[in-house]
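Structure record follows, encoded as structure tokens.
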Amino acid sequence: MPSTKKILASSLMACALLAATACSAEQDMPQDVTHKIAVQGTATPSASEKAEEPAEMTTAQVATTAGAVMAAELGFPASAKIQGKDLESLATPPTDTLKDIVVLPAQCSAPIEDLNWSPVQLGTEAARTDFTNENQSITGSVEVAKLGDQAAKLAAHNKNVATILDECETVKLNGLDYRETLKFSDPGVPEADSALYYSRDGQYAQDSLVLIKSTDQYAVMVSFMSATSLQDATFNKVATSIMDTVLAQLP
């Protein structure tokens with residue numbers, strides 16, 4: 001995996017999208033930061049994470065916990081709460097994500113870059129839990145954040161997703177040392193306010209699915225990443241079931 005400088009987006013399909021890291025002069029292929037599992041190799045919270053957990057959970061934490069329980073019932077039993085500095089890091093939007101990258105068609109540059117957005121970036125009460133199914137090499141996450149006065153940012157992201165589906169079905173990314181193609185489609189999840197399925201080829205080939213839906217007070221994002229195809233109606237039902245369970249906990 002690349003290391004320290006985030007370069008591009010996605011979620012959604014995060015996952016969402018493509019942010020990469022590079023600490024050398026060599027251009028690395030963008031990697032999904034927003035929508036990938038945030039704590040690599042951890043299935044359960046560490047002792048320090050447990051120590052940081054407050055005695056009384058916030059509404060966002062209760063909702064993400066409920067989502068993780070549903071995920072476990074549906075075949076994703078290993079989970080980790082993202083807390084402390086890890087959560088703070090996700091709350092900071094990546095910058096210069098398309099530096100030295102040529103996006104074709106050019107008009108898709110801004111909406112593609114916005115795939116690095118996720119609810120925790122609203123800067124309000126937020127929580128996230130990641131989960132895995134090691135047998136299928138699938139990682140997922142559920143993220144909840146209070147809207148506060150930031151509802152316009154959520155609306156702008158959903159608009160960008162719609163633009164991708166309308167105008168950016170196939171996008172080519174040309175970096176200094178790599179080429180890759182992103183293919184986007186509507187996964188057909190009418191229950192979501194925003195739904196995006198995408199695949200990417202190249203050295204770090206992956207498929208992603210990202211669903212976003214909001215209540216009057218909170219935004220919810222459920223996302224999955226996999227080295228194999230997620231384009232299946234049955235899998236859409238898994239993601240929707242997790243999303244519905246989270247929404248049931250929110251005002």
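Keep in mind that what you see is a predicted model, and the values were worked out from it rather than measured.
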Considering all heavy atoms of both residues, which atom of M221 and which atom of S118 are nearest to each other, and what is their separation?
CE-CB, 3.7 Å

How long is the span from the NZ atom in K172 to the CG atom in L182, to the nearest 0.5 Å?
9.5 Å

In Å and rounded to the nearest 0.5 Å, what is the CG to CG distance from D193 to N158?
6.0 Å

Step-by-step side chain to side chain contact (heavy atoms under 4.5 Å, CB included) determination, V142 to R128:
CA-CA 6 Å; V142 55; R128 171 168 165 160; over 6 Å; no

Checking D201 side chain against T181 main chain: does a donor-acceptor pair fall under 3.5 Å?
yes

Just how far is it from atom NZ of K146 to atom OG1 of T124, taken to the nearest 0.5 Å?
8.0 Å

Drop me the distance from K153's NZ to D114's CG, to the nearest 0.5 angstrom.
11.5 Å

Please work out which of the three classes, parallel, tilted or perpendicular, describes the rings of F76 and F131, given edges at 30° and 60°.
perpendicular

Supply the atom-to-atom distance D130 CG to S141 OG, rounded to the nearest 0.5 angstrom.
5.0 Å

Is there a path of hydrophobic side-chain contacts, each under 4.5 Å between heavy atoms of I/L/V/M/F/W/Y residues, joining V222 to V69?
no

Closest heavy-atom pair and its distance - G67, V246:
CA-CG2, 3.6 Å

In terms of heavy-atom contacts, A126 and A60 come closest through C-CB, 4.0 Å

Where M225 and S208 come nearest, the two heavy atoms and their spacing
CG-OG, 3.6 Å

Heavy-atom closest contact (P251 atom, T59 atom, distance)
CD-CG2, 4.0 Å

Using only heavy-atom distances, determine whether the side chains of T132 and T139 contain a donor-acceptor pair under 3.5 Å.
no

Heavy-atom nearest pair, T129 first then A68, reads CG2-CB, 3.7 Å

As a quick check of understanding, evaluate side chain to side chain contact (heavy atoms under 4.5 Å, CB included) for M57 and T65, giving each step before the final call.
CA-CA 10 Å; M57 292 194 296; T65 298; 3.9 Å; yes

Regarding D207 and Y197, is there a side-chain donor-to-acceptor distance under 3.5 Å anywhere?
yes

Residue from E125, K213, Q249 passing side chain to side chain donor-acceptor pair (under 3.5 Å) with Y218
E125

With a 4.5 Å cut-off on side-chain heavy atoms, are V238 and T240 touching?
no

Could you check if a side-chain atom of P119 sits within less than 4.5 angstrom of a side-chain atom of Q150, using non-hydrogen atoms only?
no

Exactly one of L115, V161, T170 should register a side-chain contact (heavy atoms from CB on, under 4.5 Å) with F184. Which one does?
L115

Is the backbone of K159 close enough, under 3.5 Å, to the side chain of T163 for a donor and an acceptor to pair up by distance?
yes

Paired with P111, the side-chain contact (heavy atoms from CB on, under 4.5 Å) test is passed by just one of L165, I164, D166, namely I164

May I ask you to test the W117-L154 pair for a side-chain heavy-atom distance under 4.5 Å?
yes

Can L247 be reached from M70 by stepping across I, L, V, M, F, W or Y side chains whose heavy atoms are under 4.5 Å apart?
yes

Kindly indicate, with the supporting measurements, whether the criterion side chain to side chain contact (heavy atoms under 4.5 Å, CB included) is fulfilled by I212 and V220.
CA-CA 6 Å; I212 294 178; V220 176; over 6 Å; no

Does the side chain to side chain contact (heavy atoms under 4.5 Å, CB included) test come out yes or no for L173 and V102, once each step is laid out?
CA-CA 6 Å; L173 303 182; V102 176; over 6 Å; no

When you measure from the side chain of S109 to the backbone N and O of A106, does any donor-acceptor pair fall under 3.5 Å?
no

When you measure from the side chain of S226 to the backbone of S229, do you find a donor-acceptor pair of N or O atoms at a distance under 3.5 Å?
no

To the nearest 0.5 Å, what is the distance between CG on N116 and OG1 on T95?
10.5 Å

Side-chain contact, heavy-atom cut-off 4.5 Å: P94 with E113?
no

Counting only heavy atoms from other residues, nucleotides and ligands, does the tally under 6.0 Å from CD of E191 exceed 12?
yes

